[in-house]
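When reading the values below, keep in mind they use all heavy atoms of this one structure, side chains included, and skip hydrogens, waters and symmetry mates. We're numbering straight along the sequence, starting at 1. Every number for a ligand or one of its atoms is a count from 1 in the order of the listing.
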Amino acid sequence: MKPSIVILTGAGISAESGVKTFRDAGGLWEGHRVEEVATPEAFGRDAETVHRFYNQRRQQLLTVAPNAAHTALAKLERDYQGGVTLVTQNVDDLHERAGSKKILHMHGEILRKKCTWCDAKSDCRQDLDKTDRCDSCAREGGLRPDIVWFGEIPYHLEEIDQVLGDAQIFIGIGTSGHVYPAAGFVERARSNGTWCIEINKDQTALSTRFDDQRLGPASVEVPNLVTELLR
Ligand code: APR
């Protein structure tokens, strides 16, 4: 059995597919204040603006494709003779479309919706607006993207802590390390002697916490690392 691997991806892995990151130049937070579009309070105050922000991102997602980095991670999960768990902060479906199966979307998924009245969740590939009715409770105005907003608890935290505790290798790909709890995963991994590898096009706030750093675009560095791991 080979060493078990936990991978954490961020917006940087989807950048070369044409999906905007959050904090790069021209990123999503440049055009919007987080408080206006990515908090429960914003949704309560101005659901129309929140829906517009996510409707634009959902429509754009349907026009892009996975890149070589997503494909390489799917190959690693298929061919590696050890455990591979993919944790992603991304709400896109590019890992799924590239063929990855074991994915933990800790910030939710933009192609899913949930009802704030009854909590029913379902697929969502069309625009949402505040007049939409929930298929389960039939109430209007409560449907929102199934995305974890600032101030809300991310999904799968217990399972993520479990796999981090068992991992021998932790790989952080395309994340700036600004948002917790994801930004704390490298410390959790280091605390039990896990070998930590960072792939990013730039230095990040967490680069010094990694044992090995691959500086470059994910579409180049991720396939290179996967080739090494499959040797
Ligand atoms: N290859 C590798 N890394 C890249 C590439 C690329 N082609 N393009 C950008 N990056 C890196 C940037 O250098 C940056 O470190 O990806 C990172 C993107 O950082 P953010 O935009 O902050 O995205 P992320 O870290 O995923 O944000 C975390 O913050 O706003 C919340 O919920 C949102 O999930 C998101 C969380």
Side-chain angles (χ1 to χ4, degrees), residues 6-43 50 53-54 56-58 60-61 64-73 86-95 98 103-112 144-157 160 170-187 196-210 212-226:
V6 173
I7 299 157
L8 171 69
T9 61
I13 198 169
S14 297
E16 290 165 89
S17 294
V19 180
K20 273 190 174 184
T21 64
F22 294 93
R23 295 172 182 84
D24 284 322
L28 284 165
W29 293 149
E30 238 174 52
H32 298 273
R33 287 164 44 77
V34 164
E35 300 72 25
E36 286 162 3
V37 290
T39 63
E41 295 73 21
F43 187 66
V50 174
F53 176 67
Y54 288 100
Q56 278 168 357
R57 289 177 64 195
R58 190 181 302 107
Q60 198 244 352
L61 178 56
V64 300
N67 64 59
H70 298 103
T71 305
L73 292 185
L86 174 54
V87 179
T88 186
Q89 300 172 90
N90 299 339
V91 296
D92 63 53
D93 66 337
L94 295 178
H95 284 306
I103 307 168
L104 298 175
H105 278 277
M106 63 181 290
H107 290 168
E109 299 172 71
I110 197 166
L111 296 182
R112 301 270 298 163
R144 56 171 276 191
D146 183 17
I147 285 182
V148 177
W149 283 330
F150 287 91
E152 296 182 322
I153 311 288
Y155 292 141
H156 309 299
L157 290 184
I160 293 168
F170 172 71
I171 308 170
I173 303 172
T175 182
S176 60
H178 278 108
V179 176
Y180 286 80
F185 291 172
V186 63
E187 289 308 328
C196 298
I197 305 169
E198 181 183 52
I199 292 181
N200 200 299
K201 71 174 174 56
D202 298 324
Q203 295 290 337
T204 70
L206 298 174
S207 291
T208 56
R209 310 305 296 152
F210 284 83
D212 177 359
Q213 198 193 18
R214 312 295 173 93
L215 216 48
S219 65
V220 171
E221 296 305 328
V222 176
N224 288 347
L225 178 58
V226 166

Which bit of [X] is near ligand 1, meaning a heavy atom under 4.0 Å away: side chain, backbone, both or neither?
{"X": "Trp149", "value": "neither"}
{"X": "Ser176", "value": "both"}
{"X": "Gln89", "value": "both"}
{"X": "His107", "value": "side chain"}
{"X": "Thr21", "value": "both"}

Under 3.5 Å: donor-acceptor pair, side chain of [X], backbone of [Y]:
{"X": "Glu16", "Y": "Ala68", "answer": "no"}
{"X": "Asn67", "Y": "Ile13", "answer": "yes"}
{"X": "Glu152", "Y": "Pro40", "answer": "no"}
{"X": "Arg58", "Y": "Ile110", "answer": "yes"}
{"X": "Thr88", "Y": "Asn90", "answer": "yes"}
{"X": "Ser17", "Y": "Ala65", "answer": "yes"}
{"X": "Glu187", "Y": "Gly184", "answer": "no"}
{"X": "Glu221", "Y": "Ile199", "answer": "no"}

Numbered atoms of ligand 1 (with element) below 4.0 Å of [X], judged on heavy atoms:
{"X": "Gly10", "value": "26 (O)"}
{"X": "Ala15", "value": "8 (N)"}
{"X": "Pro217", "value": "1 (N)"}
{"X": "Phe150", "value": "30 (O), 31 (C)"}

* Kindly assign one of parallel, tilted or perpendicular to the pair Phe170 and Phe210, based on the angle between their ring planes and the thresholds 30° and 60°. =>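 Ring orientation of Phe170 relative to Phe210: parallel.
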
* Evaluate the ring planes of His70 and His95, with Trp represented by its six-membered ring, and classify them as parallel (under 30°), tilted (30 to 60°) or perpendicular (over 60°). =>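 Perpendicular: the ring planes of His70 and His95 meet at over 60°.
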
When you measure from [atom] to every protein heavy atom, which one gives the shortest distance, and what is it?
{"atom": "atom 30 (O) of ligand 1", "value": "Trp29 NE1, 2.8 Å"}
{"atom": "atom 26 (O) of ligand 1", "value": "Ala11 N, 2.8 Å"}
{"atom": "atom 27 (O) of ligand 1", "value": "Arg23 NH1, 3.1 Å"}
{"atom": "atom 7 (N) of ligand 1", "value": "Glu16 OE2, 3.0 Å"}
{"atom": "atom 3 (N) of ligand 1", "value": "Lys201 N, 3.2 Å"}
{"atom": "atom 17 (C) of ligand 1", "value": "Gly174 O, 3.4 Å"}
{"atom": "atom 1 (N) of ligand 1", "value": "Ala218 N, 2.9 Å"}
{"atom": "atom 6 (C) of ligand 1", "value": "Gly12 O, 3.4 Å"}

Does any N or O of ligand 1 fall below 3.5 Å from an N or O anywhere on [X], backbone included?
{"X": "Ile199", "value": "no"}
{"X": "Thr204", "value": "no"}
{"X": "Asn90", "value": "no"}

* Does a side chain donor of either Asp92 or Ser14 reach within less than 3.5 Å of an acceptor in the other side chain? ->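 Yes, Ser14 and Asp92 have a side-chain donor paired with an acceptor closer than 3.5 Å.
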
* Criterion side chain to side chain contact (heavy atoms under 4.5 Å, CB included) against Ile160, the qualifying member of Val87, Leu8, Val6 ->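 By the side chain to side chain contact (heavy atoms under 4.5 Å, CB included) criterion, Ile160 pairs with just one of Val87, Leu8, Val6: Val87.
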
* **Gly216 touching ligand 1 at heavy-atom level, < 4.0 angstrom** =>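 True for this residue.
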
* Asked: Which is closest to atom 12 (C) of ligand 1 by heavy-atom distance: Val222, Asn200, Val19?
  ->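 Answer by nearest heavy atom: Asn200.
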
* To do: Drop me the distance from Leu86's CG to Leu73's CG, to the nearest 0.5 angstrom.
  =>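 Answer for the CG-CG pair, Leu86 versus Leu73, is 6.0 Å.
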
